[in-house]
Amino acid sequence: MLNPGSPPTTTPFAFLLWGARLQWRTLVAGMVCGIVWMTAIGLVPAAIGRGIDDGLVPGDRGELVRWSLILTGLSLVIALSGSIRHWFAVQNWLDGAFRVVVVTDEAVTTRGQEIARSFPAGDVVSVTTTDMERVGHVYDTTARCSGAIVSFAVVGVLLLRASVSTGLVVLLGAPVLLAMLSLIIRPLQRRQAEQREESGRLTTLGTDTVAGLRILRGIGGEAEFVGRYAVQSQRVRQAGVRVAGYQAALDASQTLLPGLFVVLVVWTGARAVVRGDLTTGELVAFYGYATFMTFPLRTVTEMVEHVIRFRVAATKIMAILRVPSDHPAVAGEGSLETAADGDLVDPVSGAVFTRGALTAVVSARPEDSVALAGRLGRLGPGAAGPGKAAAGAGGVEATAYGAGPTLGGRTLADLPIDVVRRTVVVNDPEARLFSGSLRAQLRAGRPADDTTLVRALGTAHATEILHSLPDGLDTIVEEKGRGFSGGQRQRLGLARALAIDPPVLVLIEPTSAVDAHTEARIAEELARHRRGRTTVVATVSPLVLHHTDRVILLVDGRAVASGTHAELLSGNTAYRDIVIRGGDDR
């Protein structure tokens, strides 16, 4: 269950069957209990009728006791099987709903940037808040629906044995009722899909507003967004009203049509009694049958309703799961340790990063440096070719790597993406912090002891942040690191990248949010910390460039010059203009 595998994304029915195969044991157990439970309920009128005809009417106390005991046994079976059925129903609901969360989480974790390009955040959030429930309800209702179908057939046989005409009324009338309900089902499905779309847009608007709340307050834009939220809320309300009309009609039909059905059955049975075809006990049993028949009919219509909602939900879920990865699986060896001992080369820009050196990338256009960093870390689509931008992880706009960077002569594009992620780490200035302990934030799922974490914090000049926290590394970080300033978040992000200690580390403006004194100390400590490890820094800060081993100058995305910071500063006018301007800006 924790690893359900890849679900089919062809049709909702295939998606439903895939889930059913994963939990078939609890489904079958629930269906068996549901059949026993509802069939026992359907046999109660028969026991009552026989008790009347064989015991009460002739005054036979023995038969009356016998059928009373049978009725008591049926009650015990109903109680026991009903309790077990409910347990399996809840289990099936939880399994089906949780599976949706698992596969969606796997998709977002592995293809987050691709999904973000195709769907608003609200659609993804709605999957784990609304759609998961709709999927779970289908598996939940299977037990009762199976019991409804079997009990309907059993009671139908009993009716035909007692009276063919009344039995036919029951057996033929039920499909007619379901056919009449189908007239409401299709328009209800369309309106539910419309409501789902509007609700997803509202969720997206809400998450965007909360994420940018500080900016909104800074520019006085609260009223504008409150107005937009109110307008979208009304659209959701109106869509809900349109759904409610058809939903009310369906709910009313579930009461009205079975009620008319009961009246018809009782009327037919009463006429049979008058003709002498039925006994008093059989008439009572027929009334019980007719009353019972509303139960399986309503259960089937409930199942149909859940299937409608499931189709809407499954369509949305599969659309997210169908989003292709920028990095499709490729066959390759599971290690880059040997290759990491070689140079890192980017054919698109012509830049060569020497093994074990701290190399800076300087460009008059920051987007060129960011694009280069994205290529080195494979943060964009793998086959788009150079020049086509794609949103990279962590807010990086990464140009597709085209011919593909190489590390030690091995093309990164030909290797499994998880191998590349373990070898090349890209850290952008907008550090993403999640809720959880600071220790877990800095480890980022990699093995690292506290000594390593403290050393990384020291290099990032973030030790005072650690000392200011009440529980040190055990302090719980708020969502998105709201308890830290922008400069603190940037330094914690840098410490996290250093604690991972990858063979190749790519940093994008790692000191843009700190003061000059702190920046100089970080640059000095960074060079010492990463000595002997390949490090690339995209920056225009003279304080950082002073501590690098080598600098590469980009012009229009191409490497046109390289050398030490001092050499380029004295011998390259374009480089000097960029660096001096960058220093003045700071």
Side-chain angles (χ1 to χ4, degrees), residues 1-2 4 16-17 19-51 64-102 132-159 170 174 178 251 254-255 258-259 262 284-285 287-307 309-310 313:
M1 181 62 209
L2 294 178
L16 180 66
L17 289 181
R21 285 194 295 269
L22 293 175
Q23 59 185 87
W24 67 270
R25 292 179 179 83
T26 54
L27 283 175
V28 170
M31 291 168 65
V32 170
C33 293
I35 291 171
V36 172
W37 170 65
M38 199 169 288
T39 301
I41 295 175
L43 292 177
V44 168
I48 294 175
R50 292 296 298 274
L64 184 60
V65 171
R66 174 171 172 262
W67 284 106
S68 296
L69 291 175
I70 292 175
L71 188 60
T72 302
L74 287 174
S75 300
L76 292 175
V77 170
I78 292 170
L80 181 61
S81 60
S83 299
I84 299 175
R85 176 208 61 79
H86 182 70
W87 189 92
F88 280 115
V90 173
Q91 182 67 43
N92 287 326
W93 187 94
L94 291 173
D95 285 350
F98 182 65
R99 187 183 307 109
V100 172
V101 177
V102 170
M132 59 169 281
E133 294 186 1
R134 295 178 175 180
V135 172
H137 281 315
V138 173
Y139 297 110
D140 162 22
T141 317
T142 53
R144 285 183 290 125
C145 186
S146 301
I149 295 172
V150 173
S151 63
F152 187 90
V154 170
V155 172
V157 171
L158 294 176
L159 286 170
V170 175
L178 292 178
D251 293 341
Q254 290 177 349
T255 301
V262 169
V284 173
Y287 178 77
Y289 291 145
T291 304
F292 165 77
M293 282 300 191
T294 62
F295 188 18
L297 284 176
R298 294 192 65 173
T299 301
V300 172
T301 54
E302 180 187 356
M303 183 65 174
V304 172
E305 181 181 348
H306 285 322
V307 169
R309 293 181 177 180
F310 168 82

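We count residues from 1, following the sequence as given. Quick note: numbers below take in every heavy atom, side chains included, and nothing from hydrogens, waters or symmetry partners.
- I84 is linked by a side chain to side chain contact (heavy atoms under 4.5 Å, CB included) to C33, L80, F88, counting only residues two or more places apart in sequence or in another chain.
- Using a 4.5 Å cut-off on side-chain heavy atoms (C-beta onward), R99 and V135 make no contact.
- Every ring-ring contact (aromatic ring centres under 6.0 Å, His included) that H306 has, sequence neighbours left out, goes to H137.
- The side chain to side chain donor-acceptor pair (under 3.5 Å) search around R85 returns none, not counting sequence neighbours.
- In this view, N92 and Q23, T26 satisfy the side chain to side chain donor-acceptor pair (under 3.5 Å) rule, not counting sequence neighbours.
- Two residues are said to be in side-chain contact when any heavy atoms from C-beta on lie closer than 4.5 Å; T299 and I149 fail this criterion.
- Contact check for E133 versus W93: side-chain heavy atoms found under the 4.5 Å cut-off.
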Mind running side chain to side chain contact (heavy atoms under 4.5 Å, CB included) on T142 and M303 for me, showing each step along the way?
CA-CA 8 Å; T142 53; M303 183 65 174; 4.0 Å; yes
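- In this structure, the side chains of E302 and R144 come closer than 4.5 Å at one or more pairs of heavy atoms.
- Evaluation of the ring-ring contact (aromatic ring centres under 6.0 Å, His included) rule for F295 yields W37 as partners, not counting sequence neighbours.
- With sequence neighbours left out, W67 forms a ring-ring contact (aromatic ring centres under 6.0 Å, His included) with no residue at all.
- In this structure the side chain of V138 reaches within 4.5 angstrom of the side chain of L16, judged on heavy atoms.
- In this structure, the side chains of Y139 and L27 come closer than 4.5 Å at one or more pairs of heavy atoms.
- In this structure, CG on L76 lies 10.5 Å from OG on S81, to the nearest 0.5 angstrom.
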